[in-house]
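I'd like to ask you about the structure that follows.
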Protein chains: 2
Amino acid sequence: MTTARPDDWLTSLAGDRPDLGRSSTAERVAEVLRTRVLEGDLAPGLRLSEEAIGGALRVSRNTLREAFRLLTHERLLVHEYSRGVFVRVPTAQDVTDLYRARRIIECGALRRWPHASNVAHAALADAVRESEEAAARDQWPQVGTANLKFHRAMAGLAGSPRVDEAVGRLLAELRLVFHVMGEHREFYEAYVPWRRQIIDLLERNELDEAERTLREYFDAAERQLVDAFARLPTT
Amino acid sequence: MTTARPDDWLTSLAGDRPDLGRSSTAERVAEVLRTRVLEGDLAPGLRLSEEAIGGALRVSRNTLREAFRLLTHERLLVHEYSRGVFVRVPTAQDVTDLYRARRIIECGALRRWPHASNVAHAALADAVRESEEAAARDQWPQVGTANLKFHRAMAGLAGSPRVDEAVGRLLAELRLVFHVMGEHREFYEAYVPWRRQIIDLLERNELDEAERTLREYFDAAERQLVDAFARLPTT
DNA sequence: TATTGAAGGATTGTTGAACAATCTCTACGG
DNA sequence: CCGTAGAGATTGTTCAACAATCCTTCAATA
């Protein structure tokens with residue numbers, strides 16, 4: 001605990017301001033539903049009845065609708081006028097678009113590696129290590145988590161909160177997509193060494209090659225996901 | 001109006017679905033407030049009282065709060081728990097971050113020029129022409145509008161709805177920032193020929209040079225805006 | 001003078017109920 | 001089999017009330 005100048009105390013305290021703003025009921029309800037959707041408890045396409053959920057969670061319809069709105073903005077739910085809200089059903093087209101957007105943003109962020117901070121570099125390395133360790137222990141869900149962390153760290157190279165937020169939204173949506181892959185280890189396993197390769201290239205400052213590798217990584221993942229969707233029973 | 005296969009009728013119709021979902025009261029209220037904020041009628045930092053605005057617009061507090069939420073999501077308003085919503089006060093730091101994000105996304109989209117559709121190409125050319133014509137007529141607000149159109153079209157090269165949305169949000173925020181520049185012609189004038197140069201380079205397929213020019217364009221605009229903020233009375 | 005503490009008034013957070021608008025489903029008739 | 005009409009269920013919107021929180025004021029203290 002280093003004692004700094006009073007100025008620094010204040011500025012660092014000011015940074016905690018957002019955390020201080022305690023969450024509203026709607027945000028807590030949204031958090032519950034978000035978890036349920038991302039865990040797959042609430043199947044895509046399911047309609048969320050205001051009365052049923054409001055009754056179960058003991059919150060008023062107004063508050064519940066506020067929570068719905070938050071999740072709709074995150075693209076986890078879709079809202080149809082006078083029909084209600086539904087758990088989003090991702091399509092192969094969504095997958096294509098998600099990867100199109102990710103290629104642009106994450107590859108752009110990767111290029112900022114030379115200008116990024118040490119903590120940003122470390123976050124990327126940490127994520128790769130976690131990914132490898134979880135894979136060694138056959139803990140595939142954790143590999144998935146480390147994967148998300150890796151890409152969040154990749155976006156973090158840009159050093160821009162707005163880029164972080166944009167990528168965060170894409171990744172949340174992607175988590176919904178991943179559910180069609182189930183818990184199949186094959187899906188997670190292939191990408192672990194790929195991530196190692198990318199960070200090795202970055203640490204050697206071979207930016208062009210790193211970007212090329214990341215693009216191939218995206219191409220492969222997109223292809224695998226689109227294939228999985230094509231194999232899906234068309235409802 | 002070309003007659004296409006029935007499939008195309010349907011898919012294009014499906015695209016209109018969101019428009020069909022007639023606007024809710026909250027969205028109309030949001031539109032009114034959005035205009036007011038962007039026109040500068042509602043000064044940055046101003047607190048928007050639920051009672052006052054709800055009373056003036058004759059809508060219930062619940063509906064108004066929903067409108068607030070929409071605008072908060074667009075980053076035009078900020079919400080503080082138990083304190084209310086305020087018109088966003090952009091900072092020089094915001095400007096820096098906005099341009100950081102724009103450089104990554106728009107430059108990434110620019111690189112997709114060879115793969116973009118003809119309509120995407122045309123949208124970019126149209127925006128440049130509009131910009132020039134408005135400048136020739138000394139209509140600087142219209143130059144500003146054409147500018148936004150230009151950058152929306154630049155993002156459109158990616159052919160990704162999610163990229164469009166991300167850039168749309170950045171530009172909406174930027175419009176708030178532009179207000180500190182007032183109606184000063186100097187701010188709009190310098191960038192008109194720059195845009196012409198970029199599209200000329202693109203049409204000659206000189207991608208590297210086009211990207212370099214766009215980056216310089218961003219650097220200049222960011223510098224000018226940050227300077228303007230530094231000159232601002234610190235409240 | 002500057003700081004602290006305690007009313008109080010004002011504003012937001014949340015709820016429940018009510019009614020209108022819209023959709024869904026079923027049954028009927030052609 | 002198809003289309004239609006009506007009943008029932010669900011959402012859209014508003015209102016009124018109370019709880020929780022914040023801001024202002026003002027007096028007391030060092």
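Everything numeric here is computed off the predicted structure, so don't read it as measured data. Below, read A as the first sequence line, B as the second, and so on, with proteins coming before strands; counting in each chain starts at 1.
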Let's see if you get this right: which residues in residues 65-78 of chain B place a heavy atom under 4.0 Å from DNA chain C?
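The answer is B/Arg65.
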For A/Tyr99, is the NZ or CZ atom of A/Arg102 found under 6.0 angstrom from the centre of its six-membered ring and inside 45 degrees of the ring axis?
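Output yes; distance and angle both within limits.
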In whole angstroms, the gap separating C1' of C/dT15 from CZ of A/Arg58 amounts to 12 Å
What is the distance from CG of B/Leu64 to P of D/dT13, rounded to the nearest Å?
13 Å
In whole angstrom, what separates A/Asn62's CG from C/dA17's C1'?
10 Å
Please state how far atom CZ in A/Arg61 lies from atom P in D/dG12, giving the value in whole angstrom units.
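Atom-to-atom, A/Arg61 to D/dG12, this comes out as 8 Å.
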A/Lys149/A/Asp126 salt bridge by N-O under 4.0 Å criterion:
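Here A/Asp126 does not pair with A/Lys149 in a salt bridge, since their nearest N and O are not under 4.0 Å apart.
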Would you give the length of the straight line joining atom CD1 of A/Ile53 to atom CZ of A/Arg47, rounded to the nearest 0.5 angstrom?
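Reported value, rounded in 0.5 Å steps: 9.5 Å.
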Does the side chain of B/Ser60 get closer than 4.0 angstrom to OP1 or OP2 of D/dT13 through an N or O atom?
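Looking at the OP1 and OP2 atoms of D/dT13, neither is under 4.0 Å from any side-chain N or O of B/Ser60.
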What distance do B/Arg112 atom CZ and B/Leu110 atom CG have between them, rounded to the nearest 0.5 Å?
11.5 Å
Between B/Arg169 and A/Glu165, does at least one N-O distance fall below 4.0 Å, as a salt bridge requires?
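Salt bridge present between B/Arg169 and A/Glu165.
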Spacing of B/Phe86 atom CZ relative to D/dC22 atom P, expressed in whole Å:
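It is 12 Å, rounded to the nearest whole Å.
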SB check A/Glu173 B/Arg162 (cutoff 4.0 Å)
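A salt bridge links A/Glu173 with B/Arg162.
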Please list, pair by pair, any protein nitrogen or oxygen found under 3.5 Å from a nitrogen or oxygen in nucleotides 6-11 of chain C.
| unit_1 | atom_1 | unit_2 | atom_2 | d |
| --- | --- | --- | --- | --- |
| C/dT11 | O3' | B/Arg47 | NH2 | 2.5 |

When you check the gap from the basic side-chain N to the acidic O, do B/Glu31 and B/Arg34 get nearer than 4.0 Å?
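Salt bridge between B/Glu31 and B/Arg34, a charged N being under 4.0 Å from a carboxylate O: yes.
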Please report, rounded to the nearest Å, how far the C1' atom of D/dT11 is from the NE2 atom of A/His79.
8 Å
Any residue meeting ring pair (Phe, Tyr, Trp, His ring centres under 6.0 Å) with B/Phe86, in chain and number order, not counting sequence neighbours
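By the ring pair (Phe, Tyr, Trp, His ring centres under 6.0 Å) rule, B/Phe86 matches no residue at all.
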